[in-house]
Amino acid sequence: MKSGVQHVISGHGHRFVRIIRDGVTYMEVGSSGGNMGGVKRGEGFNEGWFYHHIWARVKDGRVTFTVKELDGMFGQGRMFNAEDWDENGPHFDISDPGIKDKPQT
């Protein structure tokens, strides 16, 4: 991190992506309601195809991100720490209905 950059956040790709390169976390926030090209509810979660938003928190110089999937007709309402996802997808059991990593305020 010669430049001091720790995170690069972008959007528009319509899927959730999180990778780390040379100590920098790159995260693409996916769809918060836009069309995902025919992906049906419950399909494609492991590949980042789900409606969601991101909650960012900065405290004591550290940034944490909580990913919140929409619920109801658009998803299952899962919440998880973004650090539990990498370029290979989620590192947790996506079928666990108890996934609720509540963001701190």
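- In this structure, Trp49 and His14 have side chains that are in contact, with non-hydrogen atoms separated by less than 4.5 Å.
- Residues Trp55 and Val67 are not in side-chain contact: their nearest non-hydrogen atoms beyond the backbone lie 4.5 Å or more apart.
- Counting heavy atoms from C-beta on, the side chains of Glu83 and Arg18 come closer than 4.5 Å.
- Atom CE of Met79 sits about 6.0 Å away from atom OG1 of Thr66, to the nearest 0.5 Å.
- Residues His52 and Gly30 approach most closely at NE2-N, 3.0 Å, considering heavy atoms.
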Subject >> Verdict with supporting geometry, Phe65 and His7, ring-ring contact (aromatic ring centres under 6.0 Å, His included) >> reply: CA-CA 11 Å; Phe65 300 96; His7 303 278; 5.1 Å; yes

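- Here the closest non-hydrogen pair linking Val24 and Val5 is CG2-O, 3.5 Å.
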Subject >> Check against side-chain contact (heavy atoms from CB on, under 4.5 Å), Lys59 and Thr64 >> reply: CA-CA 8 Å; Lys59 184 175 182 181; Thr64 57; over 6 Å; no

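- Rounded to the nearest 0.5 Å, atoms CD (Gln76) and OH (Tyr51) are 14.5 Å apart.
- Arg78 has its side chain within reach of Phe45: a pair of non-hydrogen atoms, C-beta onward, lies under 4.5 Å apart.
- Taking 4.5 Å as the limit, some side-chain heavy atom of Arg21 sits within range of a side-chain heavy atom of Glu87.
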**OP:** With side-chain contact (heavy atoms from CB on, under 4.5 Å) as the test, would you mind laying out the steps for Phe92 and Trp85 before giving the verdict?
**Re:** CA-CA 8 Å; Phe92 51 87; Trp85 190 288; 4.3 Å; yes

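- Across all their heavy atoms, Asn46 and Pro90 have their closest contact at OD1-CG, 3.3 Å.
- From Glu28, atom CD reaches atom CD1 of Ile9 across 10.5 Å, with rounding to the nearest 0.5 Å.
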